[in-house]
Participant: 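Before we start, here is the structure in question, set down as structure tokens.
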Amino acid sequence: MPSETSVVEGVGKVLFIGGRWVPADGGKTFAVHDPATGEALCQIADASPADGVAALDAAVAAQDSWASHPPRERGEILRRAYQELTSRVDELALLMTLEMGKPLAEARGEIAYAAEFFRWFAEEAVRIDGGYATAPNGTGRFLVAKQPVGPSLLITPWNFPMAMGTRKIGPAIAAGCTSVIKPASQTPLCMLALARILADAGLPDGVLNVLTTTDSGGVMEPLIRDGRARKLSFTGSTAVGRKLLEQCSEKVLRTSMELGGNAPFLVFADADLDAALDGAMLAKMRNIGEACTAANRFYVQRDVAEEFARRMAERMAEQPIGRGTEEGVVVGPLIDEAAVEKVTGLVDDAAERGATVLTGGSAVDGPGHFYRPTVLADVPPDARMGQEEIFGPVAPISVFDTEDEAVRVANDTEYGLVSYLYTSDVKRALRVAERLEAGMVGLNQGIVSNPAAPFGGVKQSGLGREGGTVGIDEFLETKYIAVAL
Ligand code: NAP
């Protein structure tokens with residue numbers, strides 16, 4: 001097992017622009033912290049708006065030659081990077097745990113998941129298709145071609161520091177787009193490690209450029225408004241996504257928006273309760289509850305509600321809390337103190353409105369930003385957590401009586417990323433799945449993420465899909481050529 005110091009030291013602490021590792025303009029740096037201890041891990045380059053322009057210049061300069069690079073070679077670079085990620089899983093997982101907090105086993109899982117996006121898009125690079133058709137009048141012909149959108153801006157969140165990057169970089173590379181990526185300021189180290197892996201795998205200079213910065217808006221807004229980038233792919237909160245959509249409207253950029261969620265988890269009385277509890281733990285506790293796909297609201301049919309809540313509370317109370325590097329830890333720290341305060345506020349609000357705390361219900365004293373796994377029963381409909389993302393290890397449970405009521409409460413949110421549904425009645429399963437307003441439905445399973453499936457939301461959870469056979473389309477334009485014979 002590599003040491004903590006060696007994995008942090010192994011990462012370039014500077015910007016990656018045009019194939020060169022360079023300090024920030026003016027030499028500014030900022031600290032990256034370990035959320036389990038609150039201590040600084042290292043200092044890294046803090047990009048300025050001028051660095052942003054340099055990165056976009058590099059992406060624009062590389063675009064034409066990258067677009068004409070053989071698709072097979074684009075795919076082979078991704079394939080080599082996939083192999084490297086896979087073979088260095090322990091070291092990269094440790095790096096992720098140090099900067100983000102998730103337990104090592106989950107970090108390993110994320111590296112594997114992240115690598116799979118490269119494997120998947122390595123295969124998709126050579127399957128970009130087109131068409132040839134006869135016009136309805138019989139004389140003309142239609143040629144349809146897919147071409148890279150062009151230089152792309154990519155912005156990723158801290159909660160899945162590697163996978164949210166590969167889910168964008170993979171299709172961009174496969175489609176023939178160059179890009180500038182800005183990881184979250186709290187978790188930039190994984191992205192820097194990933195850039196090195198891609199460079200070593202043979203990615204030409206300027207195809208991927210990495211900006212780490214504490215001035216996200218100041219650096220990215222000018223690039224969005226510049227007009228040379230043709231695409232923004234963003235994963236993060238709905239609030240920031242809305243702001244970026246507004247900025248994109250000026251130059252009419254193509255956008256992909258993977259935004260917030262507020263997933264309902266429905267358990268019908270006919271469900272296999274053991275399976276529902278397993279699924280509930282996964283849907284709730286993956287990533288310490290800090291996932292856009294996290295089950296945010298549990299609705300359980302009256303006959304089984306009490307048993308479900310009791311058994312869920314038993315399981316949650318058993319989850320070992322600690323620093324993610326420690327053996328056996330399942331619940332790591334939240335990302336920062338603001339996250340602990342937010343979760344505390346939501347739990348206190350629900351309790352004040354009449355919810356019963358079955359287990360947990362409070363933060364753990366520092367150092368680090370820990371919150372106890374919590375189960376709340378009889379959560380009233382007006383509790384704030386019914387409408388807001390909790391982003392922590394808290395499971396609020398409410399009771400429903402009828403199928404119509406379950407669908408109505410599940411859909412009563414501005415979000416529509418994912419919904420979970422447990423039932424053993426196949427007709428009900430399909431009926432309810434069709435009525436749920438969500439881009440994805442977990443039917444008798446508590447995890448939906450899969451690089452080979454189209455991931456994305458409806459309503460204010462976003463626009464577009466990542467992964468699956470449609471993931472590459474987000475980085476392709478369709479060109480129709482009208483042919484007179
Ligand atoms: P966030 O605050 O929206 O930040 C996301 C990214 O945007 C970060 O890189 C952040 O940089 C950057 N950013 C913030 N303000 C910006 C601005 N004005 N201009 C340009 N960039 C800006 O979200 P987060 O707290 O990191 O992530 C959690 C959110 O992401 C949750 O809502 C979660 O549901 C969502 N999410 C969605 C998906 C999905 O696939 N739908 C997946 C994962 C997460 P800084 O780090 O510098 O603030």
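Indexing begins at 1, ligand by ligand and atom by atom, following the structure's order. This chain uses plain numbering: 1 for the first residue, then up along the sequence. Predicted model only: the values in this text are computed from it and were never measured.
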Participant: Would you check whether Ser185 has a nitrogen or oxygen atom less than 3.5 angstrom from a nitrogen or oxygen atom of ligand 1?
Facilitator: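 The answer is yes, given that Ser185 and ligand 1 share an N or O pair closer than 3.5 Å.
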Participant: Side chain, backbone, both or neither: which applies to Glu389 and ligand 1 if a contact is any heavy-atom pair less than 4.0 Å apart?
Facilitator: side chain
Participant: Taking distance alone, with no angle check, do Ser237 and ligand 1 share an N/O pair under 3.5 Å?
Facilitator: yes
Participant: Show the numbers, then the answer: is there a salt bridge (Lys or Arg N to Asp or Glu O under 4.0 Å) between Arg315 and Asp278?
Facilitator: CA-CA 10 Å; Arg315 289 205 190 187; Asp278 289 345; 2.7 Å; yes
Participant: Would you mind telling me if ligand 1 is within reach of the side chain of Ile155, the backbone, both or neither, using heavy atoms under 4.0 Å?
Facilitator: side chain
Participant: Mark the output for Gly241 as yes if a heavy-atom distance to ligand 1 is under 4.0 Å, and as no if none is.
Facilitator: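 Flag not set, Gly241 not near ligand 1.
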Participant: In the protein, what heavy atom is nearest to atom 42 (C) of ligand 1, and what distance, to one decimal place, separates them?
Facilitator: Cys292 SG, 3.0 Å
Participant: Which class fits the ring pair Phe265 and Tyr422: parallel under 30°, tilted 30 to 60°, perpendicular over 60°?
Facilitator: parallel
Participant: Looking only at side chains, do Gln63 and Thr178 share a donor and an acceptor under 3.5 Å apart?
Facilitator: yes
Participant: Is a donor from one side chain sitting under 3.5 angstrom from an acceptor on the other, for Gln186 and Asp336?
Facilitator: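 Result is yes, a qualifying pair exists.
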Participant: Students should be able to answer this: which protein heavy-atom is nearest to atom 40 (O) of ligand 1, and at what distance?
Facilitator: Arg167 NH2, 2.7 Å
Participant: Considering the options Arg465, Arg167, Lys231, which one meets the salt bridge (Lys or Arg N to Asp or Glu O under 4.0 Å) requirement together with Glu474?
Facilitator: Lys231
Participant: Once rounded to the nearest 0.5 Å, what's the spacing between atom CG of Leu189 and atom CG of Leu194?
Facilitator: 12.5 Å
Participant: Looking only at protein heavy atoms, identify the closest one to atom 35 (C) of ligand 1 and say how far it is in Å.
Facilitator: Gly236 O, 3.2 Å
Participant: Is there a donor-acceptor contact under 3.5 Å from the side chain of Thr213 to the main chain of Asp215?
Facilitator: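 Side chain of Thr213 to backbone of Asp215: a pair is present.
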Participant: Using a 4.0 Å cutoff against the non-hydrogen atoms of Gly217, which atoms of ligand 1 qualify?
Facilitator: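 Those of ligand 1 that fall under 4.0 Å from Gly217 are 17 (C), 18 (N), 19 (N).
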Participant: What part of Thr156 sits under 4.0 Å from ligand 1 if we count only heavy atoms: the side chain, the backbone, both or neither?
Facilitator: backbone
Participant: Which of the atoms of ligand 1 are close to Leu244, meaning less than 4.0 Å from one of its heavy atoms?
Facilitator: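 The list of qualifying atoms is 19 (N), 20 (C).
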Participant: Note the single closest protein heavy atom to atom 41 (N) of ligand 1, along with its residue, its atom name and the distance in Å.
Facilitator: Leu259 O, 2.7 Å
Participant: Can you find a side-chain donor-acceptor pair between Lys168 and Ser233 that sits under 3.5 Å?
Facilitator: yes
Participant: If the contact criterion is a heavy-atom separation under 4.0 Å, does Gln247 count as touching ligand 1?
Facilitator: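 Checking ligand 1 against Gln247, which is what was asked, there is no heavy-atom contact under 4.0 Å.
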Participant: Atom 44 (C) of ligand 1: which protein heavy atom is closest, and how many Å away?
Facilitator: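 Answer, as residue, atom name and distance: Asn159 ND2, 3.4 Å.
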Participant: I need the nearest protein heavy-atom contact for atom 24 (P) of ligand 1: residue, atom name and distance, please.
Facilitator: Trp158 NE1, 3.4 Å
Participant: Can you confirm whether something in the protein, heavy atoms only, sits under 4.0 Å from atom 4 (O) of ligand 1?
Facilitator: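 Under the 4.0 Å cut-off, atom 4 (O) of ligand 1 has no protein heavy-atom neighbours at all.
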Participant: Pairing donors with acceptors under 3.5 angstrom, does anything connect the side chains of Thr29 and Gln43?
Facilitator: yes
Participant: What part of Glu221 sits under 4.0 Å from ligand 1 if we count only heavy atoms: the side chain, the backbone, both or neither?
Facilitator: neither
Participant: One residue to check: Thr238. Relative to ligand 1, which of side chain, backbone, both or neither has a non-hydrogen atom less than 4.0 Å away?
Facilitator: neither
Participant: Relative to ligand 1, is Phe391 under 4.0 angstrom through side chain, backbone, both or neither, heavy atoms considered?
Facilitator: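 Within the 4.0 Å criterion, Phe391 contacts ligand 1 through side-chain atoms alone.
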Participant: I need the contact type for Pro183 against ligand 1. Using non-hydrogen atoms and a strict under-4.0 Å cut-off, is it side chain, backbone, both or neither?
Facilitator: backbone
Participant: Considering the heavy atoms of Pro157, write down every atom of ligand 1 situated less than 4.0 Å from one of them.
Facilitator: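 Taking each heavy atom of Pro157 in turn, ligand 1 has 26 (O), 27 (O), 43 (C), 44 (C) under 4.0 Å.
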Participant: Which ligand 1 atoms are under 4.0 Å away from a heavy-atom of Leu417?
Facilitator: 41 (N)
Participant: Please check whether Val240 reaches ligand 1 - meaning an N/O of the residue sits under 3.5 Å from an N/O of the ligand, judged on distance alone.
Facilitator: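 No: no nitrogen or oxygen of Val240 is under 3.5 Å from one in ligand 1.
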Participant: Could you list the atoms of ligand 1 found under 4.0 angstrom from a heavy atom of Thr235?
Facilitator: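 Result: 5 (C), 36 (N), 37 (C), 38 (C), 39 (C), 40 (O), 42 (C), 43 (C), 44 (C).
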Participant: Is it the case that atom NZ in Lys251 sees more than 12 heavy atoms from other parts of the structure closer than 6.0 Å?
Facilitator: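 Yes, NZ of Lys251 has more than 12 neighbouring heavy atoms, counting only those of other groups under 6.0 Å.
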Participant: Of the protein's non-hydrogen atoms, which lies at the shortest distance from atom 48 (O) of ligand 1, and what is that distance?
Facilitator: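 Looking only at protein heavy atoms, the one closest to atom 48 (O) of ligand 1 is Ser216 OG, 4.0 Å.
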Participant: Looking only at protein heavy atoms, which one is nearest to atom 10 (C) of ligand 1, and how far off is it?
Facilitator: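 The closest one turns out to be Lys182 NZ, 3.9 Å.
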Participant: Is a donor on one side and an acceptor on the other found under 3.5 Å between the side chain of Ser461 and the backbone of Gly260?
Facilitator: yes
